[in-house]
Every structure is written in C-alpha cells, then in structure tokens.
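A short write-up of the structure that comes next.
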Amino acid sequence: MANGGPVEHGFPHLETVREAITALYRRLSYDTVRTFSASVAPADVAFCDTDDLYLGAQRVARELVRHYRLPDARLIVSFREMTHAANVELAAGPEYFVELNDRFRTHRRDIGAALAHEVMHVYLHRLGLSFPGTRANEILTDTATTYLGAGWLLLDAYREDATSSQKLGYLTPEEFGYVLAKRASVFGEDPSVWFTSPQAYTAYAKGVARARRDEQQPPLTAAGWAGRRRYARDRRHAQDRHPGAPGASAPYSFTPDAHGPLRVSFPCPTCHQRIRVPVRGRVRARCGLCRTVLECDT
C-alpha cells in the first residue's frame, strides 16, 4: 500500500497481467467468466462514517463473498497496525481471518477495495490457481479481482496530489485501467461512472488506450498503416525463407508448414492465448479459449 510515498506508474507488469487473464479463462472456462458480467455495485459496498466499523466491514465482506460465489465462506475481519493494506489467512475454511490496516478505521470508504483483493485470495486458493513467487501471485490476484468485477474499487482507491498519495494493490493505476478496459470490452460496461477519485479517470483513460492497441496489431484488420507495412515486410521475408524473425516488438511470428501454407501466430486481444492461422489473405479466426471472433488479414 502506497501511503504518502511514491506511486509507480506505467505498465511494468503488463506481461504478467496478460498471463493472468489467460490463466483465468483456462481455469474458469468461458462460461464461468461470463457469469461475472455484473460488477460489484457501489451501493453494495458503501461505507459511511456513521456505520459501525466491525459490523460494516463484515457486511461488505459478505457482499464480496456473494459476488465471488463463495456461499460457504465466512470472513472474520479485524484491524491492526501493519505495513500492508490487508492480510488473509488461507486455511482450509470455511472461516477465513482477514486483518485490515488500522488506517482503514478512518478511511472507511476504501474498506471495500481492500476486502475485494483479500476475498479474491480466498477464491483463487479454492480454485488452486496461483503463480510462482509472491509478486506474480499478487499481480494475478489484482488482475482476477479486476477482471471479475470488483477491481474498479481498487482503482478508485488511488488518490494522489502534491502532498499525499494512496494506492492499493500491486498493479499500477494504469494497469488497473488496462484490465478494466479489457473487462469493459467483453461485458460492455463503463466503470468510470463509479469513480470518485479524479486520478482514477486519468489512469483508466490511459489503460483504455493501451488496451485498444492490442486490438490494432497485425494481422488483425484493425491494424494501422505502419503495422500493416511492417507485417507485409516480415511476411515476405518468412515466405522467402529469409533468415531472421520479426522484431522483438512484433506480437506475431511465422512458422513454416511442410504440408500447407505458411502460418502466423499472434495473441488473442481478449484473452491473450496465441492463435495460429494460415497465411492466405482475409481470414476469420475464432479463439478457442474466449470465443472471440477475429477478422484478420494474413
């Protein structure tokens, strides 16, 4: 939790975020992901200063348990002085003990954001889904929280001015915006209407711009002129069996096929699983993982 200190910006964890989205689809399936089409509503996790601290925290925790469809999980919430925003004890269940930073005693509107992350830890624990290493696993947790409808709370908890700052989670504000944009594209929602933090709007806009770039990479037909020209050059080299591969920044790669045309592989802009199609002009491809239909010009 950045609390008055510097807030990291940009997209330093983007590859891990993309791997997390792919892992979610693989572990949950397309049908299960679609059951999270409705995000957590602001009214369901609202917390005012007149609410009892412990009863209010338990109420918000129950709402997040309901959202993640963990009906037999019970969260016991307490507060103590600590460095991190929160911590959850991942035992066998059904009871899980969550500790929140004492800061939330007076910053109650962000209790929902902290609990959204911790309840997701329980959800992923029950799924048996994790990444190696603490940092990668926390990025997975932030990504899953956001993609499954509660992460807008984490972005809205980001506030920064000339004298103070606050940010929850391991993703940067722009990366939270990126995952929210990915979710918005799939479910057709606009999370920005729920933001109360001015900085959240800015971060979300930057995340949307970065997410749209994923949808404008060749061989997708939405690719821009410069990308299409580079793709044509790389394709020509591959067809001529010219040594060398596309540059490191190119999202696609070519592979020869002894029994057919050259093939190109590229990441699905929705779930980032790699798709492999023949190089033969206009092609309509369907991602087998997230079922997105893609218009390609190979």
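In this text the structure is predicted, and so the values were computed from the model without any measurement.
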Atom of [X], atom of [Y] and distance for their closest heavy-atom approach:
X: Leu180; Y: Gly151; value: CD2-C, 4.5 Å
X: Val17; Y: Ile139; value: CG2-CG2, 3.9 Å
X: Phe176; Y: Leu168; value: CE1-O, 3.5 Å
X: Ile21; Y: Cys271; value: CG2-CA, 4.0 Å
X: Pro218; Y: Ala223; value: N-CB, 3.5 Å
X: Thr22; Y: Gln273; value: OG1-N, 3.9 Å

Hey, is CZ on Arg212 packed in by over 12 heavy atoms from elsewhere, all under 6.0 Å?
-> no

Mind checking what makes side chain to side chain contact (heavy atoms under 4.5 Å, CB included) contact with Phe11, not counting sequence neighbours?
-> Leu14, Glu174, Glu175, Tyr178, Arg210

Pair Phe104-Phe79, ring pair (Phe, Tyr, Trp, His ring centres under 6.0 Å): steps then yes or no = CA-CA 8 Å; Phe104 293 115; Phe79 297 80; 7.6 Å; no

Quick check against the 3.5 Å criterion: does [X] have a side-chain atom that pairs as donor or acceptor with the backbone of [Y]?
X: Asp110; Y: Ala157; answer: no
X: Gln58; Y: Val77; answer: yes
X: His107; Y: Arg103; answer: yes
X: Asn137; Y: Phe131; answer: yes
X: Lys206; Y: Val208; answer: no
X: His67; Y: Leu148; answer: yes
X: Arg291; Y: Gly288; answer: no

Answer whether the closest heavy-atom distance between the side chains of [X] and [Y] falls below 4.5 Å.
X: Val60; Y: Arg108; answer: no
X: Glu19; Y: Leu140; answer: no
X: Leu24; Y: Tyr147; answer: yes
X: Leu220; Y: Phe266; answer: yes
X: Asp214; Y: Arg18; answer: yes
X: Tyr123; Y: Leu127; answer: yes
X: Ser78; Y: Phe97; answer: no
X: Leu155; Y: Pro173; answer: yes

Between [X] and [Y], is the ring centroid distance below 6.0 Å?
X: Tyr201; Y: Tyr158; result: no
X: His125; Y: His121; result: no
X: Tyr30; Y: Tyr25; result: no

Taking atom types as modelled, find out whether Arg135 and Thr16 have a side-chain donor-acceptor pair closer than 3.5 angstrom.
-> no

Strictly by modelled atom types, are Thr196 and Asp156 linked by a side-chain donor-acceptor pair under 3.5 Å?
-> yes

Distance-only donor-acceptor hits, side chain of residues 36-46, under 3.5 Å, sequence neighbours excluded:
from  : atom 1 : to     : atom 2 : distance (Å)
Ser39 : OG     : Arg183 : NE     : 3.2
Ser39 : OG     : Arg183 : NH2    : 3.1
Ser39 : OG     : Glu189 : OE1    : 3.2
Ser39 : OG     : Glu189 : OE2    : 2.9

